[in-house]
Number of protein chains: 2
Amino acid sequence: MLEQCGSESSIEVTTDEDDESYVPDRSTMIMNKHWILKRCDLFEKLTDDQAERLERNASLRNFPKGSIIYAPHDPGRSVLVLAEGRVKLKGITPDGKETIVAFIEEGELFGELAIVDDAPRDEFAESVVDSTVLAIACETLFELVDELPAFSFKVTRLLGLRRRRIETRLRNILFRSNRQRVAGILLELLEASRERTGEERRITPRLSHQEIAGLIGSTRETVTLVLGQLQLEGLIKVGRRSITIVDRHGLSLVTNS
Amino acid sequence: MLEQCGSESSIEVTTDEDDESYVPDRSTMIMNKHWILKRCDLFEKLTDDQAERLERNASLRNFPKGSIIYAPHDPGRSVLVLAEGRVKLKGITPDGKETIVAFIEEGELFGELAIVDDAPRDEFAESVVDSTVLAIACETLFELVDELPAFSFKVTRLLGLRRRRIETRLRNILFRSNRQRVAGILLELLEASRERTGEERRITPRLSHQEIAGLIGSTRETVTLVLGQLQLEGLIKVGRRSITIVDRHGLSLVTNS
DNA sequence: ACAGTTTTGTGAGCCGGCTTACAAAACGAG
DNA sequence: CTCGTTTTGTAAGCCGGCTCACAAAACTGT
């Protein structure tokens with residue numbers, strides 16, 4: 001369990017060239033920085049000139065499944081874009097349980113609090129599958145913010161939206177039973193899911209019961225139990241790392257007990 | 001308990017003139033909009049021209065102790081500055097318990113997620129003492145953001161810092177015992193406190209045990225109990241609505257059990 | 001197909017914290 | 001000073017959820 005690999009691999013922008021960890025496998029061969037930037041909606045509206053400047057100060061790295069991209073107390077002078085894979089932002093409690101803050105999907109930004117100040121990171125970023133990450137130096141972003149007000153606003157918006165989400169999550173956890181928490185997190189995850197099968201919709205970041213427990217501050221066993229109940233009640237369908245919401249409205253009734 | 005007054009009083013900017021709720025009592029007599037803006041560090045660097053434009057599109061209102069400034073599902077087209085008093089941002093669980101998101105002190109901004117999009121509010125803002133609030137229309141802020149990049153960055157920074165704080169709070173609640181939560185929230189509140197008595201420091205927003213419970217998702221009785229224990233152990237001193245941290249380091253040991 | 005790993009299922013037992021129920025302080029207003 | 005309100009203190013009893021302990025699937029790589 002929890003093979004906690006040492007935090008020897010802090011990701012920070014150095015120069016463009018000496019990217020020793022660049023491994024030209026099937027995916028990164030095809031992928032270039034420009035293509036990655038265009039795929040991230042924060043950067044899609046940039047001019048070619050601006051994009052190019054960004055690329056010059058960005059470095060691409062590969063992270064095998066389960067490796068730590070950054071850890072608490074790491075400097076945090078770059079903002080990261082997930083080019084491929086999936087990343088888990090988490091904390092570790094003193095007794096070793098992992099509290100999951102968020103999942104990052106392809107094309108999404110993370111570690112963006114580095115923009116705010118130069119405080120160290122206060123969470124782990126771990127690749128849950130083989131991932132490739134683009135690191136952009138904060139200074140480069142500052143230049144962009146200065147000359148492009150629209151871009152600045154997009155950043156503000158991103159921070160704001162994520163804050164709203166996490167505040168909702170906090171309210172959905174305080175004072176609520178485990179049953180309510182599970183129903184709540186399922187609905188929350190459903191928002192971010194696009195996959196649909198007819199009327200029913202499946203939670204797209206395929207999660208284990210252990211991970212769900214990490215999201216709501218519960219245990220694996222209890223989550224298994226609650227999911228079982230919800231299935232019996234015909235609200236959801238569960239499979240291995242797969243949850244399909246059958247009765248969305250019924251679930252929202254459960255959250256609000 | 002919880003006298004839930006109806007949400008008849010949504011605060012939104014109308015015009016400057018017809019401010020029917022303007023009551024020129026001892027405090028608002030002295031206070032003018034300009035003075036209020038200058039006191040909020042977000043606006044302190046504005047030119048006189050900009051400040052004046054802001055004032056024209058801002059409206060001042062008084063809220064007696066315990067009134068609702070805005071409620072969930074309210075439009076949310078303004079950003080608010082607390083000129084005087086204290087405001088509590090909270091949610092209400094289905095069974096009537098209040099989950100406190102944050103306290104707002106004089107000179108601080110709140111309801112600022114209106115900048116991000118025009119989604120309705122998703123929390124209550126309640127004045128815990130008689131308060132006067134300045135409402136600024138979002139459109140006015142947008143103009144400012146466009147022409148003043150530095151201002152834009154300040155907003156981003158504000159959102160980012162608050163997000164970091166709330167993420168920390170989430171991690172400090174998940175998987176943690178009530179004892180750990182109390183110790184954690186005390187340290188968190190201490191950060192925002194300036195009041196000091198020699199070596200010891202007092203939590204400045206004077207909180208009741210009930211409110212502390214609302215912050216960490218616990219009950220009043222349990223909080224009373226835990227605070228009693230912590231006092232016995234010589235880590236803190238408790239009085240009526242008053243908590244003084246004696247052994248800060250000892251407390252941080254408690255949080256990380 | 002086989003061995004090892006990951007994920008899920010299930011149950012007994014225990015405990016922290018919630019509930020309920022009072023009561024004593026401490027405070028504020030008149 | 002007195003009455004009403006707010007805040008805090010305390011304790012018995014109960015229960016949701018955690019712990020611990022296995023075991024059966026389901027998936028992975030070889």
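Chain letters run A, B, ... following the sequence lines, proteins first and then strands; every chain starts at 1. Basis for what follows: all heavy atoms, side chains included, without hydrogens, waters or symmetry-related copies.
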J.: With a 4.0 Å cutoff (strictly under), does any side-chain N or O of His209(B) reach OP1 or OP2 of dT7(D)?
T.: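 So the side-chain polar atoms of His209(B) never come under 4.0 Å of the phosphate oxygens OP1 or OP2 of dT7(D).
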
J.: Give me the atom names and distance for the closest heavy-atom approach of Asn256(B) to Gln180(B).
T.: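 In terms of heavy atoms, the two residues are closest at C-NE2, 4.5 Å.
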
J.: Between the side chains of Arg220(A) and Thr224(A), does any donor sit under 3.5 Å from an acceptor?
T.: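 Yes, Thr224(A) and Arg220(A) have a side-chain donor paired with an acceptor closer than 3.5 Å.
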
J.: It should be established whether Arg241(B) places a side-chain nitrogen or oxygen under 4.0 Å from OP1 or OP2 of nucleotide dT7(D).
T.: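 Checking dT7(D) against Arg241(B), a side-chain N or O does come within under 4.0 Å of OP1 or OP2.
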
J.: In degrees rounded to 10°, what angle is found between the helical axes fit to the five outermost pairs at each end of the helix from dA1(C)-dT30(D) to dG30(C)-dC1(D)?
T.: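 Terminal axis comparison yields 60°.
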
J.: Please determine which of Arg165(B), Arg171(B), Arg163(B) meets the salt bridge (Lys or Arg N to Asp or Glu O under 4.0 Å) test together with Asp122(A).
T.: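 Checked Arg165(B), Arg171(B), Arg163(B) against Asp122(A); only one passes salt bridge (Lys or Arg N to Asp or Glu O under 4.0 Å): Arg171(B).
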
J.: If we check salt bridge (Lys or Arg N to Asp or Glu O under 4.0 Å) with Glu191(B), which of these qualifies: Arg201(B), Arg248(B), Arg164(B)?
T.: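 Result for salt bridge (Lys or Arg N to Asp or Glu O under 4.0 Å) with Glu191(B): Arg248(B).
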
J.: Just the rounded figure in Å: distance from P of dG17(C) to CZ of Arg181(B).
T.: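 My rounded result for the distance is 8 Å.
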
J.: Would you kindly give the CG-to-P distance between Leu174(B) and dG17(D), to the nearest whole Å?
T.: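 These atoms are roughly 15 Å apart.
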
J.: Please report the closest heavy-atom contact between Arg202(B) and Arg206(B), naming both atoms and the distance.
T.: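 Shortest heavy-atom contact: NH1-NH2, 2.9 Å.
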
J.: Between Ser193(B) and Ile203(B), what is the shortest heavy-atom contact and its length?
T.: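 Smallest heavy-atom distance, with atoms named: OG-CA, 3.6 Å.
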
J.: Among dG9(D), dT6(D), dT19(D), which is the nearest nucleotide to the side chain of Arg220(B)?
T.: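 Output: dG9(D).
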
J.: Let me know the distance between CZ of Arg206(A) and C1' of dC27(D), rounded to the nearest Å.
T.: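 Nearest whole value for this atom pair: 13 Å.
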
J.: Listed in order of residue number, which residues of residues 223-231 of chain B have a non-hydrogen atom at under 4.0 Å from DNA chain C?
T.: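 Under 4.0 Å from DNA chain C: no residue of residues 223-231 of chain B.
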
J.: Please name all residues satisfying salt bridge (charged side-chain N to carboxylate O under 4.0 Å, His left out) with Glu211(B), sequence neighbours left out, ordered by chain then number.
T.: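 Applying salt bridge (charged side-chain N to carboxylate O under 4.0 Å, His left out) to Glu211(B) gives Lys88(B), Arg241(B).
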
J.: Do you know which two heavy atoms are closest between Ser131(B) and Leu82(B), and how far apart they sit?
T.: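 The answer is CB-CD1, 4.0 Å.
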
J.: Out of dG17(C), dG17(D), dA26(C), which nucleotide sits closest to the side chain of Thr222(A)?
T.: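 It is dG17(D).
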
J.: Between dC18(C), dC27(C), dG17(C), spot the one nearest the side chain of Ser218(B), thanks.
T.: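 Comparing dC18(C), dC27(C), dG17(C) against the side chain of Ser218(B), the answer is dC18(C).
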
J.: Output the single nucleotide from dC18(C), dG9(C), dG17(D) whose closest atom is nearest the side chain of Asn178(A).
T.: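 When the side chain of Asn178(A) is considered, dG17(D) is the closest of dC18(C), dG9(C), dG17(D).
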
J.: Could you give the CZ-to-P distance, from Arg240(B) to dT5(D), as a whole number of Å?
T.: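 About 14 Å, once rounded to whole Å.
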
J.: Using whole Å, report how far CD of Gln210(B) lies from C1' of dT19(C).
T.: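 After rounding, the gap between these two atoms is 14 Å.
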
J.: Rounded to whole Å, please give me the gap between CG in Leu232(B) and C1' in dT10(D).
T.: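 Taking CG of Leu232(B) and C1' of dT10(D), I get 14 Å after rounding.
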
J.: Is any side-chain nitrogen or oxygen of Lys97(B) closer than 4.0 Å to OP1 or OP2 of dT19(C)?
T.: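 Result: yes.
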
J.: Checking all strands, does Glu221(A) fall into the base, sugar-phosphate, or nothing category for heavy-atom contacts under 4.0 angstrom?
T.: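 Base contact.
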
J.: Specify the closest pair of heavy atoms between Phe103(A) and Arg86(A), including all atoms of both residues, with the distance to one decimal.
T.: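 Scanning both residues, the minimum pair turns out to be CD2-CD, 4.1 Å.
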
J.: Distance check needed: dG17(D) P versus Arg176(B) CZ, whole Å only.
T.: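 Distance, rounded to whole Å: 20 Å.
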
J.: Does a nitrogen or oxygen in the side chain of Ser177(A) sit under 4.0 Å from OP1 or OP2 of dG16(D)?
T.: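 Checking Ser177(A) against dG16(D): no side-chain N or O falls below 4.0 Å of OP1 or OP2.
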
J.: Can you measure Glu211(B) atom CD to dT7(D) atom P for me and round it to whole angstrom units?
T.: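 The answer, rounded to whole Å, is 7 Å.
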
J.: Taking side-chain contact (heavy atoms from CB on, under 4.5 Å) as the criterion, tell me which of Leu215(B), Val128(B), Leu186(B) meets it with Leu207(B).
T.: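 That would be Leu215(B); it is the only one of Leu215(B), Val128(B), Leu186(B) passing the side-chain contact (heavy atoms from CB on, under 4.5 Å) with Leu207(B).
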
